[in-house]
Amino acid sequence: MIPLFYYLALSAIIFSIGLFGFMTQRSGIRMLMCVELMLNAANINLVAFSSYNGDLTGQVFALYSIALAAAEAAIGFAILMSIYRVRDMIDLDKINVLRW
């Protein structure tokens with residue numbers, strides 16, 4: 001059996017990559033992808049602790065998190081596509097559509 005530390009280390013690496021990408025990228029699509037990486041890292045933690053403790057609670061929460069991530073990605077992508085139709089770009093530094 002693989003030790004819990006390996007799962008936690010993998011999750012920390014994936015979360016760090018997602019956080020770094022989210023903080024440095026300005027493209028909306030790349031930012032959505034980085035958020036998905038961070039959510040997947042959290043799911044790895046949930047499933048790892050669930051299998052380590054021998055119950056299914058973490059796996060159920062991971063399924064809810066996956067459903068939430070799919071809804072977030074669909075809505076975020078729809079918002080970005082509507083902004084792209086208006087502005088012909090998705091550079092979030094130059095977009096002020098939602099500001100007064």
Side-chain angles (χ1 to χ4, degrees):
M1 182 165 175
I2 299 174
L4 183 63
F5 174 74
Y6 291 160
Y7 291 114
L8 297 180
L10 174 68
S11 177
I13 290 168
I14 292 174
F15 189 85
S16 299
I17 291 170
L19 185 64
F20 176 76
F22 186 79
M23 290 179 7
T24 58
Q25 298 298 321
R26 293 297 136 219
S27 174
I29 301 295
R30 288 182 184 166
M31 290 179 83
L32 280 176
M33 289 172 46
C34 292
V35 168
E36 292 296 325
L37 274 177
M38 291 188 288
L39 287 173
N40 284 331
N43 287 337
I44 289 173
N45 278 339
L46 287 171
V47 172
F49 280 118
S50 174
S51 66
Y52 182 74
N53 290 332
D55 63 348
L56 294 177
T57 308
Q59 295 177 14
V60 171
F61 279 126
L63 285 175
Y64 284 128
S65 175
I66 290 170
L68 180 71
E72 172 261 331
I75 292 171
F77 187 68
I79 290 171
L80 288 174
M81 287 300 102
S82 65
I83 291 173
Y84 180 75
R85 286 181 184 165
V86 172
R87 297 290 178 114
D88 291 331
M89 69 175 164
I90 307 177
D91 189 8
L92 297 180
D93 282 340
K94 298 176 183 174
I95 295 175
N96 60 1
V97 173
L98 300 177
R99 295 183 189 164
W100 287 91

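Using a 4.5 Å cut-off on side-chain heavy atoms (C-beta onward), Ile14 and Leu10 make contact.
One finds the CD1 atom of Ile83 at 9.5 Å from the CE atom of Met81 (value rounded to the nearest 0.5 Å). Put simply, CG on Leu32 and CD1 on Ile75 are 11.0 Å apart, with the number rounded to the nearest 0.5 Å. For the atom pair Leu80 CG and Met89 CE, the distance stands at 12.5 Å (nearest 0.5 Å). Atom CE of Met1 sits about 13.0 Å away from atom OH of Tyr6, to the nearest 0.5 Å.
The two residues Glu36 and Ala73 make their nearest non-hydrogen contact at OE2-CB, 3.6 Å. The shortest heavy-atom contact between Ala42 and Ser11 is N-OG, 4.4 Å. Residues Cys34 and Gly18 approach most closely at CB-O, 3.3 Å, considering heavy atoms. Nearest heavy atom pair, residue Met23 against residue Arg26, reads O-NH2, 2.9 Å. Nearest heavy atom pair, residue Gly58 against residue Leu46, reads O-CB, 3.6 Å. When every heavy atom of Ser51 is checked against every heavy atom of Ala48, the shortest pair comes out as OG-O, 3.0 Å.
One hydrophobic cluster, built from ILVMFWY side chains closer than 4.5 Å, holds both Leu19 and Leu39. In the hydrophobic clustering of ILVMFWY residues, with side-chain heavy atoms under 4.5 Å counting as a link, Ile29 and Tyr84 come out together. Residue Ile44 is grouped with residue Leu37 when hydrophobic side chains (ILVMFWY) are merged at heavy-atom distances under 4.5 angstrom, including chains of intermediate members. The cluster map of Ile, Leu, Val, Met, Phe, Trp and Tyr, joined by side-chain heavy atoms under 4.5 Å apart, puts Phe77 and Met38 in the same cluster. Side-chain heavy atoms closer than 4.5 Å link hydrophobic residues (I, L, V, M, F, W, Y) into clusters, and following such links, possibly through other members, connects Phe15 to Phe22.
Side-chain atoms of Ser16 come within 3.5 Å of backbone N or O of Ala12 as a donor-acceptor pair.
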